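Just so you know, ligand 1 is whichever comes first in the structure, and atom 1 is the first atom listed for that ligand. If you're wondering where the values come from, they're calculated on a predicted model, not measured in any experiment.
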Amino acid sequence: MQAIQEIYPLLTTPRKVVITMHQKPDADAMGSALGLYHFLIQLNHQVTVISPTNWAKWLNWMPGCDKVVDFELTREKAEGILDEAEWVFCLDFNILLRTKHMAPKLKALNVTRILIDHHAEPDTPTFAYGISDTSKSSTSEMIYDFIVDAGYKHMLNKEVAQCLYAGVMTDTGSFRFPATSAAVHRMIADFKDQGLDHTKVHEHIYDNYLENRLRFIGHVLLHRMEIYYEYNTALIAITKKDLQRYEIKTGDTEGLVNYPLSIQGIRLAAIVIDRDEERKWSFRSKGDFDVNTFARKYFEGGGHFNAAGGRSSASLEDTVARFIEVVHENAASLQEEHSSTKS
Ligand code: 5GP
Ligand code: MN
């Protein structure tokens with residue numbers, strides 16, 4: 001993989017470009033993709049954003065989201081566009097498997113794949129150019145860096161700012177996590193100069209749920225949360241019935257895993273959801289318990305040091321039993337005296 005700077009001189013030649021991100025894109029994945037889209041179209045590139053799957057309804061306010069192609073929903077159309085593409089930007093993921101059913105297609109394409117991502121352990125041979133930086137708050141921040149470093153700061157407009165702000169706001173837990181650097185705040189100042197209404201973005205994302213989602217959270221916290229104080233660990237296991245009863249849609253379970261982390265002393269919070277095809281895990285930690293390694297080792301996953309995800313093909317009951325077993329195996333590091341938060 002060549003350094004991302006190597007493509008800066010090539011940006012002036014208009015091309016057919018696809019931008020894609022991980023399956024079930026969150027606000028950073030969708031925000032970074034659409035932020036890059038609104039930049040590249042100013043350079044007259046022919047750009048299409050393709051999402052591997054559907055996404056949460058509350059991302060639809062983002063400018064350009066109505067033009068995003070859903071690979072699962074309109075596969076022929078998406079494959080046609082991919083066949084024509086000269087460049088494919090891969091944002092907010094670093095192994096093709098994270099694009100689910102789109103992965104074989106992405107792999108087979110004879111195109112220039114470009115990586116911009118902040119997760120650990122990138123599969124660099126897959127990409128012709130790229131940048132992978134785990135110290136970055138979000139992929140959205142990396143898109144801002146890309147635009148500015150390439151010499152196009154004057155092309156940061158309101159659309160770019162709105163999309164990137166959504167990504168950095170959500171990935172930093174509203175500017176709370178350690179990766180929220182001075183550079184992040186300087187970037188936000190630039191967005192404000194572009195006329196960004198940050199309150200509106202916050203409302204679009206956090207004050208835009210249906211009643212059922214709040215009732216669902218109540219139900220889950222009352223009936224589905226187990227605390228293992230001896231391991232400083234909390235677990236939420238959500239059944240198919242729960243999802244049906246509360247009509248839970250894509251994105252509705254996002255952020256749930258953070259509730260148990262707010263309990264004094266809890267260092268590891270996990271949530272597992274019984275989806276149709278698999279059991280999907282999310283892990284969060286405080287301090288020096290590394291959930292990226294944990295997810296990789298036990299649950300076919302990965303992510304960041306303090307936030308990761310994974311999956312299991314076992315039944316909900318069996319994967320929960322396995323979780324308790326591996327928590328027991330990791331008792332020593334979970335019980336360690338809480339040291340300072342990783343930065
Ligand atoms: P979340 O729990 O919010 O779905 O994901 C937390 C972080 O872990 C995100 O940065 C996400 O991209 C990553 N992640 C989630 N699931 C997986 C997975 O199955 N594999 C890998 N490698 N990363 C994941
Ligand atoms: Mn991200």
Any ion pair linking R322 and E325 (charged N to carboxylate O, less than 4.0 Å)?
-> yes
Proximal protein heteroatoms (N, O or S) of the Mn ion (ligand 2), under 2.8 Å = D28 OD2, D92 OD1, H118 NE2, D171 OD2
Joint cluster assignment, F39 & M30, ILVMFWY side-chain distance < 4.5 Å | yes
Relative to the heavy atoms of G303, which atoms of ligand 1 are at a distance of less than 4.0 Å?
-> 8 (O), 13 (C), 23 (N)
Within a radius of less than 6.0 Å around NE2 of H219, do more than 12 heavy atoms belonging to other residues, nucleotides or ligands occur?
-> yes
D274/K241 ion pair, N-O < 4.0 Å = no
Under 4.0 Å between a Lys/Arg side-chain N and an Asp/Glu carboxylate O for K297 and E329?
-> no
Using a 4.0 Å heavy-atom threshold (strictly under), name the region of H119 that reaches ligand 1: side chain, backbone, both or neither.
-> side chain
Short N or O distance, H304 and ligand 1, threshold 3.5 Å exclusive | yes
Atom 7 (C) of ligand 1 sits nearest the protein heavy atom A307 O, 3.7 Å
protein heavy-atom neighbour closest to atom 3 (O) of ligand 1 works out as R284 NH2, 2.8 Å
So do the side chains of Q162 and K200 get within less than 4.5 Å of each other, counting heavy atoms only?
-> no
Cluster question for you: counting only ILVMFWY and a side-chain heavy-atom cut-off of under 4.5 Å, with indirect links fine, are V47 and F89 together?
-> yes
Is there a path from I271 to L221 through hydrophobic residues (I, L, V, M, F, W, Y) whose side chains come within less than 4.5 Å of each other?
-> yes
To which of G310, S138, P25, G302 does the heavy atom nearest atom 13 (C) of ligand 1 belong?
-> G302
Do side-chain atoms of E141 reach the backbone of S137 as a donor and acceptor pair under 3.5 angstrom?
-> yes
Output field: ring centroids F175/Y165 closer than 6.0 Å = yes
Ligand 1 versus R98: contacting region, heavy-atom distance under 4.0 Å | side chain
Element-labelled atoms of ligand 1 that are located less than 4.0 Å from some non-hydrogen atom of A308 = 2 (O), 6 (C), 7 (C), 8 (O)
Check whether any side-chain heavy atom of D83 lies under 4.5 Å from a side-chain heavy atom of K105, and answer yes or no.
-> yes
Consider only side-chain heavy atoms of I, L, V, M, F, W and Y, link residues closer than 4.5 Å, and tell whether L256 and Y206 are in one cluster.
-> no
Starting from atom 15 (C) of ligand 1, locate the nearest protein heavy atom and write down its residue, its atom name and how far away it is, to 0.1 Å.
-> G309 CA, 3.4 Å
Closest protein heavy atom to atom 4 (O) of ligand 1, given as residue, atom name and distance to 0.1 Å | S282 OG, 3.7 Å
Please determine if D92 has a nitrogen or oxygen closer than 3.5 Å to a nitrogen or oxygen of ligand 1.
-> no
Could you see which bit of K280 sits under 4.0 Å from ligand 1, with heavy atoms only: side chain, backbone, both or neither?
-> side chain
